[in-house]
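Predicted model, so just to flag it, every value in this text is computed and none were measured. Residue numbers start from 1 in every chain, and the chains themselves are labelled A, B, ... in the order their sequence lines are given, proteins ahead of strands. Hydrogens, waters and symmetry mates play no part in the numbers below; they use all other heavy atoms, side chains included.
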Amino acid sequence: MPELPEVETVVRSLAARLKDRRIVAASFTSRFVTPGNRKRLASILTGRTIRSIARRGKFIVMTLDQGTLVVHLGMTGKLLIDGVSTPHTHGVFTLDDGVLLYNDPRQFGRIEADSRRVQKLGPEPLEIGLEEFTKRLRSRKSHVKPLLLNQKFLAGLGNIYVDEALFGAGIHPLATASRLTAARAARLHQSIRDVLTLAIEHRGSSTSDYVDAHGQRGNFQILHRVYGREGEPCVNCGTPIRKIVAGGRGTHFCPKCQKR
DNA sequence: CTTAATGTTCCCCA
DNA sequence: TTGGGGAACATTAA
């Protein structure tokens, strides 16, 4: 479900309902989503008031009157306001007004009361300036696709938006980061901003089961230009979109428009 | 039955 | 230390 635009949409859809709500009870059932002492986590959160909710990279960060609640949605995590409990509900936050559920079939997500993982993140892609972005690219010899997936390099991009951003910039996913010209680095910087901004406007991509906190799907998937379009014609040149594996992930690109 | 899926982390090797 | 490849983690759908 979750890359930067999806997490941003979830945060926006949660904000008004969660601000100043008190957690009157919490319970957790997954040893993967909530590693360690689940009862202790529940007791830490019980009685706390949610002061604010924000996104950092792909993390949802709730600032409490005491401490912090950090949620990562993994691949299939959902936070649902007043949702219905299912066999995949692994977290229940009973609020003074309503209930917040955490559903996650694959259990790759995490619910934690500390922000150590958030502090290791690289810069926000919508905030970093061109100069700093170019400098960071130049210092890395890796292929550009796995580099953009690295959350320490840049926080928030995932498999869909890296493929879309590289297409927008005309850069091959296996291009070497340090060898990109200044002009191509600038195109990439702008392309990342454009694709993320547009995806947020369209409330994220629902390629399979992503929904926001009210169960509403996103619409950006219909505007994908390469992701999930293997064999279909490139929107620019008509060449069939190719799919390879890069950085261990399915990677979609136009072999004619994207140069190494 | 096999494969792939919006993610992260760890391990092995160069 | 950097970087690539693969596996692991759980589950579902094609």
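Near DNA chain C, meaning a heavy atom under 4.0 Å from it, residues 137-165 of chain A has A/Arg140, A/Lys141, A/Ser142, A/His143 in order of number.
Counting only distance, with no hydrogens or angles, the side chain of A/Ser191 and the backbone of A/Arg187 share no donor-acceptor pair below 3.5 Å. Proximity of a side-chain donor or acceptor of A/Arg229 to a complementary backbone N or O of A/Cys234 within less than 3.5 Å is not detected. A donor-acceptor pair under 3.5 Å is absent between the side-chain atoms of A/Thr176 and the main chain of A/Ser178, judged by distance alone.
The six-membered or imidazole ring of A/Phe220 lies away from that of A/Tyr210, with a centre-to-centre distance of 6.0 Å or more.
Annotated as syn: C/dA10, whose glycosidic dihedral is within 90° of 0.
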Original post:
Could you run down nucleotides 8-14 of chain C 5' to 3' and tag each one B, S or - for protein heavy-atom contact under 4.0 Å?
Top reply: -BBBS--
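Around the CZ atom of A/Arg242, the shell of radius 6.0 Å holds no more than 12 heavy atoms that belong to other residues, nucleotides or ligands. Heavy atoms of other residues, nucleotides or ligands lying less than 6.0 angstrom from CZ of A/Arg260 number more than 12.
Going from atom CZ of A/Arg136 over to atom P of C/dT2 covers 12 Å, rounded to whole Å. Spacing between atom CD of A/Glu230 and atom C1' of B/dA5 amounts to 14 Å, rounded to whole angstrom units. The distance between atom CZ of A/Arg249 and atom P of C/dG6, rounded to the nearest whole Å, is 15 Å. Put simply, CD on A/Glu3 is 13 Å from C1' on B/dT8, counting in whole angstrom units. Atom CE in A/Met75 sits about 9 Å away from atom P in B/dT8, given to the nearest Å.
Applying the 4.0 Å criterion to OP1 and OP2 of B/dT9, one finds that A/Arg117 has a side-chain N or O inside that range.
Atom P of C/dT1 sits at a distance of 23 Å from the matching atom of B/dT8, rounded to the whole Å.
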